[in-house]
A.B. asks: 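For reference, the structure I am asking about is given below.
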Amino acid sequence: MSQLQSVTLDEIKHLVSDRALEGETMLLNMGPQHPSTHGVLRVLLELDGETIVNSIPDIGFLHTGVEKNMEAKTYTKAEVMTDRMDYLNTVGNNLAYCLAVEKLVGLDVPIRAQYLRVILAELQRLASHMVWLGTSALDLAAMSNFMYTFREREIILGILEMVSGQRMMTTYIRPGGVWRDVPAEFVPAVRDLLKILPKRIDEYESLLTKNPLFIDRTAGIGIISGADAIRWGLTGASLRGSGVNYDLRRFAPYSSYEHFDFEVPLRTDGDVRARYLVRIEEMRQSIRIVQQALDKLPEGAIRSSNHKFVPPLRSEIGTSMEALIHHFKLWTEGFDAPAGSVYVAVESPRGELGVYLEGDGGPKPYRVHFRTPSFDNLQVLPVLAKGTLVADLVAIIGSVDIVLGDIDR
Amino acid sequence: MDWVKILEWVIKGFALVMILLTGFAYLTWYERKLLSRMQVRYGPNRAGKFGLLQPIADAVKLIFKEELIPDQAEKILFIVAPIITVVPAIVITATVPWGPDMQIFGYTLKPYIADIDVGVLYITAIASIAVYGIVLAGWSSNNKYATLGGLRSTAQMVSYELALGLSFTAVILLSGSMRMIDIVNAQSDLWFAVLQPAGAVVFLIATLAELNRAPFDMPEAEQELTAGYHVEYSGMKFALFFMAEYSKMIAIASIAATVFFGGYRELWFLKDTILGVDQTPWLGPLYLLVKILILLFWMIWVRATLPRIRYDRLMSFGWKAMLPLSLAVVIVSAAGIALEPINPLFKWVGIPLASTFVGLMTVGIIDNALRRKVYASH
């Protein structure tokens with residue numbers, strides 16, 4: 001008992017309304033152990049009956065010090081930390097970090113590697129949206145969809161394992177290219193997946209999109225206008241659900257996204273349902289991108305030949321003295337990046353994932369900072385939740401699609 | 001009174017309680033298996049063949065678990081609440097007839113415990129007692145989530161008892177009796193579910209709300225209130241709530257089968273054959289069991305498919321859709337019976353048509369309201 005801290009009302013009185021201090025409204029502590037906060041998010045709710053007067057998100061329960069840890073590792077080794085932030089978008093995190101390193105040291109990436117990056121990033125987006133769809137439907141107690149989406153996600157994780165040996169923490173994308181070339185089974189496996197996915201997405205939709213109860217739970221809930229969304233720094237599907245046409249894959253293309261033809265789904269309602277429809281449509285667009293990337297996938301090198309920064313192929317080490325020296329140098333002390341700072345942003349499944357990377361001329365980054373979409377999107381929760389019911393809060397948290405590892409990095 | 005009669009009551013009562021208690025355990029198995037089949041998983045398959053020993057393992061676990069009573073809880077009510085919930089769930093089935101009178105070794109066995117004139121009234125009365133247990137559990141736990149669950153359950157019960165009662169009224173009108181056996185026999189030609197489809201639908205929806213089953217599982221609302229009214233309960237006290245919920249499912253399914261789906265009676269085309277209960281009485285319990293299993297399957301199917309309705313929408317659905325519809329059902333039934341002397345077609349054709357019409361109209365109105373809602377947010 002001595003370890004329990006009692007929290008007095010004085011500590012939180014600046015956050016809640018005066019009515020709470022008089023005991024007229026109820027303070028309810030939702031989380032950090034709560035089934036619908038998608039991790040260890042704590043939300044302090046001030047309730048009038050079941051209507052939310054105030055909601056105060058409290059984060060930090062999953063703080064792992066990823067950014068600080070990265071300062072103690074070489075540029076190559078620091079990459080494995082990025083997998084551990086947003087555990088539903090590991091490939092995307094790697095991609096953002098590698099793009100930042102490449103920009104800092106000035107590396108070119110071969111076109112095959114860029115296409116492979118796109119394929120894997122889009123597959124990862126599909127997997128992430130599947131987790132979102134399953135869990136946010138589960139929050140509304142539509143429990144079966146969860147199992148269906150995880151069935152398909154499993155296939156995608158199998159493909160990630162095929163290329164990298166790991167289901168989630170892949171670190172397959174490396175500065176200057178990718179780790180290895182994909183195995184021969186990769187392309188057929190992805191094609192098989194693409195064959196079944198459109199039908200499966202229709203199947204998910206058939207349980208939800210036109211279901212009267214689902215419409216009732218989502219339409220007109222948690223509305224935010226486009227202007228407000230921009231002001232709050234909302235990005236990703238949550239922003240596009242409010243009618244703001246902003247997708248980094250289209251407006252600041254990276255990793256040759258400009259080679260592919262896809263649409264940016266938009267809805268103008270700005271409610272939970274709009275965000276849901278945008279994400280569902282994004283899944284279809286991701287399938288299109290993967291399809292095109294597979295069709296156009298060129299042969300060739302999979303990583304840059306600039307061996308000052310990129311390790312040589314394993315086969316070269318046995319025959320070339322140069323390659324052996326590079327290999328040794330890169331794996332013992334890393335490479336020296338020039339002093340300077342860069343900012344690179346990619347479109348993660350949740351929104352704009354930005355990496356600010358500052359080098360000081362040595363082999364380790366001086367400062368790494370991530371502008372993570374979940375963190376910025378979570379800020380808007382009190383705005384969306386005001387005046388709704390407890391049941392809607394659960395739907396809203398699901399619809400902004402946060403990952404706590406992404407928030408407390 | 002004859003001691004054989006008393007012995008018969010005791011044996012029948014004991015048998016029914018045992019059936020409900022083991023039935024509840026195997027209902028959890030049935031539900032888990034069905035849900036997992038619908039969700040591309042296997043479900044329990046470790047304990048025994050097909051996981052058939054799983055309910056026993058669960059029961060043993062729950063019995064031996066430590067029971068906690070929160071420090072600030074209202075102790076007496078906290079202990080009494082699960083009992084108040086579980087007792088009505090078991091006694092409610094007393095009036096449900098399981099078959100026609102049977103001759104066993106020259107002794108007439110009546111396969112029901114109580115044959116009371118006001119059987120339907122008894123059911124509605126007992127069914128509404130259970131909510132006290134839930135409310136008291138929510139309040140006495142001294143937990144905010146539990147309190148919210150208990151409050152929700154009160155509101156829900158008030159809104160749905162009315163629709164439930166009115167759909168019972170339609171049945172009483174059609175059968176002309178409140179006795180369960182008369183109701184069953186009145187359906188020997190045509191099930192009331194066919195004669196009065198809207199009434200049956202209202203009844204089934206209202207029973208879901210009465211049972212706190214998905215999509216009306218407000219008081220528990222796992223994703224919102226974590227577990228609602230029983231969040232502070234553990235061990236056997238929690239098991240009692242669990243038992244109440246599932247034995248009530250069986251009880252309500254048997255009542256629904258009795259009042260709308262012909263009870264223990266055979267399908268209409270089997271009447272006067274060897275498969276009819278008039279000639280082979282022991283088939284009665286079997287038919288009722290099959291009907292119960294089908295209704296339970298439906299409840300589980302609903303749970304696997306539908307999202308939970310929101311608490312305030314549930315209220316407005318109860319008052320604005322269910323109550324008017326159930327009133328219309330009563331009026332339609334009454335009018336059909338009143339006009340029957342003029343032409344029997346008014347009863348046998350008029351009621352089903354009018355009932356389907358009011359049902360479809362309600363669906364249309366709800367659909368329209370939802371459509372407006374979607375467009376309004378554009």
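Below, chains carry the letters A, B, ... as their sequence lines are ordered, and counting in each starts from 1. Note: hydrogens, waters and symmetry copies are ignored here, and every other heavy atom, side chains too, is used.
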A.B. asks: By a 4.5 Å heavy-atom criterion (distance strictly below it), what part of B:L151 contacts chain A: side chain, backbone, both, or neither?
C.D. replies: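 For B:L151, no heavy atom lies under 4.5 Å from chain A.
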
A.B. asks: For the atom pair CG (A:D392) and CG (B:D312), what is the distance rounded to the nearest 0.5 Å?
C.D. replies: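 It is 7.5 Å, given to the nearest 0.5 Å.
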
A.B. asks: Are the side chain of B:K144 and the backbone of A:M26 linked by a donor-acceptor contact shorter than 3.5 Å?
C.D. replies: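 Side chain of B:K144 to backbone of A:M26, a donor-acceptor pair under 3.5 Å: no, none is there.
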
A.B. asks: What's the separation between atom CD in B:Q39 and atom OG in A:S144, rounded to the nearest 0.5 Å?
C.D. replies: 4.0 Å

A.B. asks: Please check if atom CD in B:Q72 has more than 12 non-hydrogen atoms from other residues, nucleotides or ligands closer than 6.0 Å.
C.D. replies: no

A.B. asks: Determine whether more than 12 heavy atoms belonging to other residues, nucleotides or ligands lie under 6.0 Å from atom CH2 of B:W298.
C.D. replies: yes

A.B. asks: Should we say atom NZ of B:K320 is surrounded by more than 12 heavy atoms from elsewhere, each under 6.0 Å from it?
C.D. replies: no

A.B. asks: How many angstroms lie between OG1 in B:T305 and CG in A:L207, if you round to the nearest 0.5 Å?
C.D. replies: 6.5 Å

A.B. asks: Counting only heavy atoms closer than 4.5 Å, note whether A:L138 contacts chain B via side chain, backbone, both or neither.
C.D. replies: both

A.B. asks: Quick check on A:M143 against chain B: is it the side chain, the backbone, both or neither that has a heavy atom closer than 4.5 Å?
C.D. replies: both

A.B. asks: Please examine the side chains of B:M38 and A:M147, heavy atoms only from C-beta on, and report whether any two atoms are closer than 4.5 Å.
C.D. replies: no

A.B. asks: Can you tell which part of A:N29 gets under 4.5 Å to a heavy atom of chain B, answering side chain, backbone, both or neither?
C.D. replies: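 The backbone, not the side chain.
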
A.B. asks: Using 0.5 Å steps for rounding, measure from the CZ atom of B:R308 to the CZ atom of A:R217.
C.D. replies: 7.0 Å

A.B. asks: Tell me if the OH atom of B:Y132 is crowded by more than 12 foreign heavy atoms within 6.0 Å.
C.D. replies: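 Check fails, neighbour count at 12 or below.
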
A.B. asks: Could you report the tightest heavy-atom contact between A:H34 and B:Y145, atom names first, then the distance?
C.D. replies: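 What the structure gives for the nearest pair is CD2-OH, 3.5 Å.
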
A.B. asks: Does A:D216 come within less than 4.0 Å of B:R310, counting only side-chain N to carboxylate O?
C.D. replies: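 Here A:D216 does not pair with B:R310 in a salt bridge, since their nearest N and O are not under 4.0 Å apart.
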
